[in-house]
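Note sheet for the following structure.
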Amino acid sequence: MKTAASLALLAGSAAAFAPAVPSARTSVALSAEKSKALPFMNRPPLLDGSMAGDVGFDPLGLSNIDDVGIDLYWLREAELKHGRVAMLAVAGFVQVEVFGPAPGCEAATAKCQTDAFWQIWNSHPQYVAAGLIMIMMIEAVSGIAATSGREGGDRAPGDFGLDPLGYMKGDPAKAERLKAQEVANGRLAMWAAAGLLVQGCSNHMGGVEALTASLNDNMF
């Protein structure tokens, strides 16, 4: 009995001086990097900050989808494309509302551009048809570029080599800053375009018109 107690005491003493081995769960929890955008969530594995504008925001886990023909490359291509289209759309909404319709589109007299669209549709439907055909052609070219670049790996998402003013040449840090600004402004423009469309369909007011009315109604 004394021998067994002595052995147990020695084993306990040795265990006391042995280095502690953390559990796998504790190790994973401590080593997991948190998202910059959502500090209470872990950073998505593929969003490592290498892409411009990447702050680890992916609460739905879309960046991990790769088994339905859609991966991070495709999602990035779509984000850049929609951001660029939205920036053009918002600028077009405001420009037409402030300065009036383009030559040949005098029938579009409404300040609300959703209503102006239907005015053009009723007076010059061929304009709308021509626009749709142009969109189909652009989509075909961009789709081929995205698919080939995705498979070959020699093209960054959204890169069409369009830089006539040479903004992307020279200082690499400046180029990365411009890329981040494009993504940030594109994301903001997508929200703005969605707001203009929903507002136009609900209260039939233009963006500037609604902003002016809101300021006048809420000024002290």
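Grouping Ile, Leu, Val, Met, Phe, Trp and Tyr residues whose side-chain heavy atoms lie under 4.5 Å apart, directly or via other members, places Met51 in a hydrophobic cluster with Leu46, Leu47, Leu72. Phe40 forms part of a hydrophobic cluster together with Leu38, Met41, Val55, Phe57, judged by ILVMFWY side-chain heavy-atom separations under 4.5 Å. When hydrophobic residues (I, L, V, M, F, W, Y) are linked wherever their side-chain heavy atoms come within less than 4.5 Å, the members clustered with Met134 are Ile138. Side-chain contacts under 4.5 Å among hydrophobic residues (ILVMFWY), followed directly or transitively, place Leu80 together with Val183.
Taken to the nearest 0.5 Å, the CD atom of Gln119 stands 9.5 Å off from the SG atom of Cys112. Interatomic distance, Ile120 CD1 to Asp115 CG, rounded to the nearest 0.5 Å: 12.5 Å. Annotation: the span from Met87 atom CE to Asn185 atom CG amounts to 6.5 Å, rounded to 0.5 Å. Rounding to the nearest 0.5 angstrom, the gap separating the OG atom in Ser214 from the CD atom in Glu209 is 12.5 Å. To the nearest 0.5 Å, atom OG of residue Ser142 and atom CD1 of residue Ile135 are 11.0 Å apart. Distance check, rounded to the nearest 0.5 Å: CG of Asp154 to OG of Ser148 gives 7.0 Å.
Of all the heavy atoms in Ile70 and Arg150, the pair that sits closest is N-NH2, 3.8 Å. When every heavy atom of Ser35 is checked against every heavy atom of Gly56, the shortest pair comes out as OG-O, 2.7 Å. The nearest pair of heavy atoms linking Ala192 to Val90 is CB-CG2, 3.8 Å. Closest approach of Met205 to Ala213, counting heavy atoms only: CE-CB, 3.9 Å.
Classification of Glu97 and Lys111 as a salt-bridged pair fails, no side-chain N sitting under 4.0 Å from a carboxylate O. In summary, Arg43 and Asp58 do not engage in a salt bridge, as defined by a charged side-chain N under 4.0 Å from a carboxylate O.
Leu88 and Val141 are members of different hydrophobic clusters when ILVMFWY side chains are connected at heavy-atom separations under 4.5 Å. At a threshold of 4.5 Å between side-chain heavy atoms, the hydrophobic network of Ile, Leu, Val, Met, Phe, Trp and Tyr places Trp74 and Ile65 in one connected group. By the rule that hydrophobic residues join a cluster once side-chain heavy atoms approach within less than 4.5 Å of another member, Val198 and Trp191 end up as members of separate clusters. Tyr127 and Ile133 fall into different hydrophobic clusters, where Ile, Leu, Val, Met, Phe, Trp and Tyr side chains are chained together by heavy-atom contacts under 4.5 Å. Both Leu132 and Phe117 belong to a common hydrophobic cluster when Ile, Leu, Val, Met, Phe, Trp and Tyr are linked at side-chain heavy-atom distances under 4.5 angstrom.
Residues forming a side-chain hydrogen bond (donor to acceptor under 3.5 Å, both in side chains) with Asn64 (at least two apart in sequence, or on another chain): none. The side-chain hydrogen bond (donor to acceptor under 3.5 Å, both in side chains) search around Asp54 returns none, not counting sequence neighbours. For His204, there are no ring-ring contact (aromatic ring centres under 6.0 Å, His included) partners at least two apart in sequence or on another chain.
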What side-chain donor-acceptor pairs closer than 3.5 Å can you find for residues 102-110, not counting sequence neighbours?
unit_1, atom_1, unit_2, atom_2, d
Glu106, OE1, Gly104, N, 3.1
Glu106, OE2, Gly104, N, 3.2

Scan the side chains in residues 166-180 for donor-acceptor partners under 3.5 Å anywhere in the protein, sequence neighbours excluded, and list what turns up.
unit_1, atom_1, unit_2, atom_2, d
Asp171, OD1, Ala173, N, 3.2

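Between Val96 and Gln113 there is a side-chain heavy-atom pair separated by less than 4.5 Å.
No more than 12 heavy atoms of other residues, nucleotides or ligands lie within 6.0 Å of NE2 in His82, so this atom counts as exposed by the packing criterion.
The salt bridge (Lys or Arg N to Asp or Glu O under 4.0 Å) contacts involving residues 184-199 comprise Glu79-Arg187, where partners must be two or more places apart or lie in separate chains. Judged as a side chain to side chain donor-acceptor pair (under 3.5 Å), the pairs with a partner in residues 155-164 (not counting sequence neighbours) are, in order, Tyr73-Arg155, Glu77-Arg155. Every pair passing salt bridge (Lys or Arg N to Asp or Glu O under 4.0 Å) that includes a residue from residues 122-144 is listed here, sequence neighbours excluded: Lys81-Glu139.
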